[in-house]
S.K.: 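Pasting in a structure now, in structure tokens, and then I'll have a few things to ask.
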Amino acid sequence: MPELPEVETVCRGLATVLEDRVLQRLDLRRKDLRFPFPIGLAALVEGRRITSVRRRAKYILIHLDDGGVLIGHLGMSGRMLIGPAEGMVLETHDHVVFHTDHGMAVRFNDARRFGFLDYARAEDLQRHKLLAELGPEPLGNAFSGPVLAEKLAGKLSPIKAALLDQKIVAGLGNIYVSEALFFARLLPTRLAGTLSGAQAEKLVTAIKDVLTRAIAAGGSSLRDYVQTSGELGYFQHQWAVYGKEGEPCPGCTCKTGIQRIVQSNRSTFFCAKRQR
DNA sequence: CGGCAAACCTGCGAGC
DNA sequence: TGCTCGCAGGTTTGCC
């Protein structure tokens, strides 16, 4: 999926067409994605004005003027595509279409259907099952070295797995965890509870830095991901280690170069010399 | 409770 | 050309 930088990019794109517009029609072209759509969802939101589009972790929050909130998630392969409703051509896997009162349409396309669309009342959002347990936003002030160190204390899982745990920090995914660990010079296999305070501090800095740079680049475009505009993000050209098995390490002159291992069934990329 | 594999679903590239 | 296999950005579930 789209990890935090990609979702942030999508939210910014959605905000430009949806904010302050009336959601005239919500076209649900099937009954479910990962989960069934809430019963009567379209009738619940049609005619409401959209007040804001926000991101929390990898969730898209579309706030309505009656206190309702549409909660979207892109899963692994979800995309939001914006264009004029007139002459719009629906493509395979366009499962939901948002129509605004100024003739624009947003197509929620998701080949693998790991994404979803849910609904909550704004006052219940913090208690929503999907949002209640989330850890701090990595780019927020609440995410610091001491905070991360405290969350990792005593953990016996590899730091790679801990950073993918959205309860520890919210929004990192498989790509940016490999990248952040490389810049923090920490082996992905290091047990989370063994980091020193200084290492936790350095890791927080690396996480904030890589996410900030990725957002500035409009995210990373892989096969399934494009910005709402249909343009490609270009951060994938700035990856240091992700997807670079066998290539030279960008940080040292070791012979081995970048290695790939599998942790929790997912690929991890790192340099065994530079990361300890 | 903690940690890990498997499951959800489709598409694509590599290799034969 | 066409098949099979492995792999893909996430998250939940269930097993040990």
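All values below come from the heavy atoms of this structure, side chains included, with hydrogens, waters and symmetry mates left out. Convention: sequence-line order gives letters A, B, ...; per-chain numbering from 1.
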S.K.: Nearest-Å distance, CG (A:Leu163) to P (C:dT11)?
M.R.: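 Spelled out: CG on A:Leu163 to P on C:dT11 is 14 Å.
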S.K.: What are the atom names and distances for every N/O pair under 3.5 Å that joins the protein to nucleotides 12-16 of chain C?
M.R.:
unit_1	atom_1	unit_2	atom_2	d
C:dT12	O4'	A:Arg34	NH2	3.1

S.K.: Do A:His95 and A:Phe108 make the cut of ring centroids closer than 6.0 angstrom?
M.R.: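 Ring centres of A:Phe108 and A:His95 not closer than 6.0 Å.
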S.K.: Go ahead and write out DNA chain B as dot-bracket, 5' to 3': ( ) for pairs within the strand, [ ] for ones crossing earlier pairs, | when the partner sits on another strand, dots for unpaired; Watson-Crick or G-U wobble, both distances under 3.5 Å.
M.R.: .|||||||.|||||||
S.K.: May I have the distance from A:Asp165 (atom CG) to C:dT11 (atom P), rounded to whole angstrom?
M.R.: 11 Å
S.K.: Closer than 3.5 angstrom, by distance alone: can the side chain of A:Arg274 be matched with the main-chain N or O of A:Gly251 as a donor-acceptor pair?
M.R.: yes
S.K.: Heavy-atom distance under 4.5 Å between the side chains of A:Phe270 and A:Val241, does that happen here?
M.R.: no
S.K.: So what does A:Leu156 hit on the nucleic acid, given a heavy-atom distance under 4.0 Å: a base, only sugar-phosphate, or nothing?
M.R.: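 Sugar-phosphate: the residue A:Leu156, judged by heavy atoms under 4.0 Å, touches backbone atoms but no base.
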S.K.: Hey, does the side chain of A:His73 come within less than 4.0 Å of C:dG10's phosphate (OP1/OP2), counting only N and O?
M.R.: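 False: A:His73 side-chain N/O out of range (4.0 Å or more) of C:dG10 OP1/OP2.
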S.K.: Separation of A:Gln263 atom CD from B:dA6 atom C1', in whole Å?
M.R.: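 Distance check: A:Gln263 CD to B:dA6 C1' gives 18 Å.
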S.K.: Return the value, rounded to whole Å, for the distance between atom CG of A:Leu164 and atom P of B:dA5.
M.R.: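 Rounded to the whole Å, the gap is 13 Å.
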S.K.: Could you walk me through whether A:Leu163 and A:Tyr176 pass the side chain to side chain contact (heavy atoms under 4.5 Å, CB included) test, one step at a time?
M.R.: CA-CA 10 Å; A:Leu163 292 180; A:Tyr176 295 105; over 6 Å; no
S.K.: What integer distance in Å separates A:Arg79:CZ from C:dG10:P?
M.R.: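 It works out to 17 Å between those atoms.
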S.K.: Expressed in whole Å, how much space separates the P atoms belonging to C:dC3 and B:dC9?
M.R.: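 Taking atom P in both C:dC3 and B:dC9, they lie 23 Å apart.
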S.K.: So which of A:Leu134, A:Leu74, A:Val7 actually passes side chain to side chain contact (heavy atoms under 4.5 Å, CB included) with A:Tyr59?
M.R.: A:Leu134
S.K.: Does a nitrogen or oxygen in the side chain of A:Arg112 sit under 4.0 Å from OP1 or OP2 of B:dG11?
M.R.: no
S.K.: Less than 4.0 angstrom between a side-chain N/O of A:Ser267 and OP1 or OP2 of C:dA8, yes or no?
M.R.: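 For A:Ser267, the contact criterion (side-chain N or O under 4.0 Å from OP1 or OP2 of C:dA8) is met.
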S.K.: If you measure from CD on A:Gln263 to OG on A:Ser157, what distance do you get to the nearest 0.5 Å?
M.R.: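 Going from the CD atom of A:Gln263 to the OG atom of A:Ser157 covers 10.0 Å.
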S.K.: Of all the nucleotides listed (B:dT10, C:dC7, B:dG3), which has the minimum atom distance to the side chain of A:Lys155?
M.R.: B:dG3
S.K.: Quick one: A:Glu133 CD to B:dC1 C1', roughly how many Å, whole number?
M.R.: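 So the two atoms are 14 Å apart, to the nearest Å.
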S.K.: What integer distance in Å separates A:His95:NE2 from B:dC9:P?
M.R.: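 Checked: the NE2 to P distance equals 12 Å.
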S.K.: Does A:Gln166 make a side-chain N or O approach to OP1 or OP2 of C:dG10 shorter than 4.0 Å?
M.R.: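 Result: no.
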S.K.: Is there a side-chain contact between A:Leu148 and A:Pro136, using heavy atoms and a 4.5 Å cut-off?
M.R.: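 Contact flag for A:Leu148/A:Pro136 side chains = no.
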S.K.: What is the separation between atom CZ on A:Arg266 and atom C1' on C:dG10, rounded to the nearest whole Å?
M.R.: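 Those two atoms, CZ and C1', are 6 Å apart.
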S.K.: Do NZ/NE/NH1/NH2 and the carboxylate oxygens of A:Lys58 and A:Glu3 come within less than 4.0 Å?
M.R.: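 A:Glu3 and A:Lys58: not salt-bridged.
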S.K.: Hey, is A:Phe114 doing a stacking thing with C:dT11, by the 5.5 Å centroid and 30° angle criteria?
M.R.: no
S.K.: Of all the nucleotides listed (C:dA8, B:dG11, C:dT11), which has the minimum atom distance to the side chain of A:His93?
M.R.: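 Closest nucleotide among those given: B:dG11.
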S.K.: Taking side chain to side chain contact (heavy atoms under 4.5 Å, CB included) as the definition, give me every residue that meets it alongside A:Pro248, ordered by chain and number, with sequence neighbours left out.
M.R.: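 In terms of side chain to side chain contact (heavy atoms under 4.5 Å, CB included), with neighbours along the sequence ignored, A:Pro248 is linked to no residue.
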S.K.: Sort out for me which residue in A:Val169, A:Leu195, A:Leu191 forms a side chain to side chain contact (heavy atoms under 4.5 Å, CB included) with A:Leu152.
M.R.: A:Leu195
S.K.: Could you check whether A:Asn265 gets within reach of a base, just the sugar-phosphate, or nothing at all, counting any heavy atom under 4.0 Å?
M.R.: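 Base: the residue A:Asn265, judged by heavy atoms under 4.0 Å, touches a nucleobase.
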